[in-house]
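We're numbering straight along the sequence, starting at 1. Heavy atoms only: backbone and side chains are in, while hydrogens, waters and symmetry mates are out.
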Amino acid sequence: MKILISNDDGYQAPGIVALHDALRSIADVEVVAPEHNNSAKSNALTLHSPLYVHTAHNGFRYVNGTPADCVHIALTGLLGYRPDLVVSGINNGANMGDDTIYSGTVGAAMEGYLFGIPAIAFSQVDKGWGEIEAAAAKAREIVQQMDRQQLIGEAPWLLNINIPNMPLEALKPPRLCRLGRRHAAERVIEQQSPRGELMYWIGGAGAAKDDSEGTDFHATAHGHVAMTPLKVDLTDHDGLGYWAQTVARLAPDGMAPAAAGAP
C-alpha cells in the first residue's frame with residue numbers, strides 16, 4: 001500500500017510527524033506538505049506565482065503553497081506513481097460542522113478524492129497536540145481496517161475523521177456521523193498597526209449550534225471517534241423543484257426553461 005500524506009499545519013507540525021511515524025509501519029509513505037501553516041485555505045490552488053519543492057532532513061518534501069497545491073503537484077508529476085490512499089493531518093484542532101468548508105486539512109484530502117483516490121482527513125478535537133501519539137495510533141488502526149476490507153485502491157471516497165484528545169484505551173469506537181452546524185463566527189477583532197492604520201483579525205469560530213445526537217460534535221463530546229463521509233456535489237437537490245418555478249418566471253414569453261440535465 002502506498003500512501004501520500006499532507007496537512008495544513010506545515011511539514012514540521014507534530015501531527016504530521018506522528019501520522020507519518022504511525023503509517024510507515026504498514027505502508028510505503030511519502031510526505032508532501034506546506035512549508036508554513038496554511039489553516040483555513042480550503043481547496044485553494046496557487047495559479048499566479050511559482051511553486052517550489054524542497055526536501056527536509058527527514059525526507060519530507062515541502063511546498064511554498066497550499067495543502068491542495070501539495071497534493072495536486074504530488075499527483076500530477078512529483079511522485080511519479082499513483083498512491084493508493086491520500087491521508088491529511090493530523091490537524092491541530094477539530095474540523096467538524098461548518099469547519100469542513102474552510103479546512104485546509106479537508107482540502108488536501110479532497111484534492112486526492114478529486115483525482116479518483118480514496119482519501120481521509122484526520123483531526124484532533126482540541127488544539128495543543130495532547131495525546132497525539134494515541135490519535136496517530138487510532139489513525140493507523142482505521143487505515144488498516146479499511147485496507148483489510150479492501151476499500152483502499154478501489155472507488156474513491158472521502159472521509160472526515162475527528163479524534164478526541166484521549167489515551168488510546170479510553171477512545172470509544174468510531175461512530176458514523178453527519179456534520180453538525182456552528183453559530184456565526186465571533187466578531188472581527190480590530191487593532192491599530194504601528195503606522196496608525198486600522199487592521200482586522202478574523203474572529204474565532206462560533207460555538208456549536210447543532211450538536212444533537214448523530215452529529216460529529218455529539219460523538220466526540222462523548223468520547224467517540226467521529227467519521228463523516230463527505231461529497232463534493234454542492235447542488236441543492238431538494239431545492240431544484242422550487243427554483244424551477246423561479247426560472248420559469250424568468251424565462252422570456254414562449255420559451256420554456258430546459259429541464260435539469262437536458263442539453
Cluster check Ile161, Ile101: I/L/V/M/F/W/Y, side chain < 4.5 angstrom = no

Give, for atom CD1 of Ile117 and atom CD1 of Ile152, the distance between the pair rounded to the nearest 0.5 Å.
-> 12.0 Å

hydrophobic_cluster_shared for Trp129 and Phe122, side chain cutoff 4.5 Å | yes

Roughly how far apart are Ser42 OG and Asp99 CG, rounded to 0.5 Å?
-> 11.5 Å

Quick one: closest heavy-atom pair of Pro67 and Ser6, and the distance?
-> O-OG, 4.1 Å

If every non-hydrogen atom of Leu23 is compared with every non-hydrogen atom of Arg140, which pair is closest and at what distance?
-> CD2-CA, 3.8 Å

Specify the closest pair of heavy atoms between Ala74 and Val32, including all atoms of both residues, with the distance to one decimal.
-> CB-CG2, 4.1 Å

Kindly indicate, with the supporting measurements, whether the criterion side chain to side chain contact (heavy atoms under 4.5 Å, CB included) is fulfilled by Asp9 and Ser39.
-> CA-CA 6 Å; Asp9 292 313; Ser39 296; 3.7 Å; yes

Contact list for residues 66-100, test ring pair (Phe, Tyr, Trp, His ring centres under 6.0 Å), sequence neighbours left out = His72-Phe115

Closest non-hydrogen atom pair, Tyr11 against Ala56 | CE1-CB, 3.6 Å

Qualifying residue for side-chain contact (heavy atoms from CB on, under 4.5 Å) with Gln124, from Asn91, Thr220, Ile132 = Ile132

Answer yes or no: are there more than 12 heavy-atom neighbours, outside Gln150 itself, under 6.0 Å from its atom CD?
-> no

Residue pair Pro118 / Leu85, side-chain heavy-atom distance below 4.5 Å = yes

Spatial distance of atom CG (Leu159) from atom CG (Leu230) [nearest 0.5 Å] | 7.5 Å

Answer with yes or no whether the side chains of Asp69 and Thr46 bring together a donor and an acceptor at under 3.5 Å.
-> yes

How far apart are the C-alpha atoms of Asp8 and Thr105, what are their side-chain angles, what is the distance that settles it, and do they pass the side chain to side chain donor-acceptor pair (under 3.5 Å) test?
-> CA-CA 5 Å; Asp8 73 354; Thr105 306; 3.2 Å; yes

How long is the gap from OG on Ser103 to CG on Asp98, to the nearest 0.5 Å?
-> 12.5 Å

Kindly compute the distance separating CZ (Arg175) from CG (Asp216), expressed to the nearest 0.5 Å.
-> 12.5 Å

When you check the side-chain N and O atoms of Thr66 and Asn38, is any donor under 3.5 Å from an acceptor?
-> no

Please report the C-alpha distance between Val86 and Tyr113 in whole Å, then the side-chain angles of each, then the deciding distance to 0.1 Å, and finally whether the side chain to side chain contact (heavy atoms under 4.5 Å, CB included) criterion is met.
-> CA-CA 8 Å; Val86 173; Tyr113 172 77; over 6 Å; no

Give a yes or no on this: more than 12 heavy atoms of other residues, nucleotides or ligands lie within 6.0 Å of atom CG of Asn58.
-> yes

Report, as yes or no, whether the 6.0 Å neighbourhood of atom CZ on Phe60 holds more than 12 heavy atoms from other residues, nucleotides or ligands.
-> yes

Looking only at non-hydrogen atoms, find the nearest pair between Val17 and Gln12 and report the distance.
-> CG2-O, 4.4 Å

Please lay out, stage by stage, how Thr215 and Cys177 fare under the test side chain to side chain contact (heavy atoms under 4.5 Å, CB included).
-> CA-CA 5 Å; Thr215 66; Cys177 308; 5.8 Å; no

What heavy-atom pair brings Ala68 and Ala44 nearest, and what distance separates the two atoms?
-> CB-O, 3.5 Å

Go through the steps for Arg178 and Ser212 under the test side chain to side chain contact (heavy atoms under 4.5 Å, CB included), then give the verdict.
-> CA-CA 10 Å; Arg178 64 178 175 86; Ser212 57; 3.2 Å; yes

Near His54 NE2, under 6.0 Å, is it more than 12 heavy atoms from other residues, nucleotides or ligands?
-> yes

So CG of Leu78 and CG of Leu51: to nearest 0.5 Å the spacing works out to 11.5 Å

Does Leu19 belong to the same Ile/Leu/Val/Met/Phe/Trp/Tyr cluster as Met166, with side-chain heavy atoms less than 4.5 Å apart forming each link?
-> yes

Shared ILVMFWY cluster between Met146 and Ile90, side chains joined below 4.5 angstrom?
-> yes

Does one hydrophobic cluster hold both Ile120 and Val29, with members joined at side-chain heavy-atom distances below 4.5 Å?
-> yes

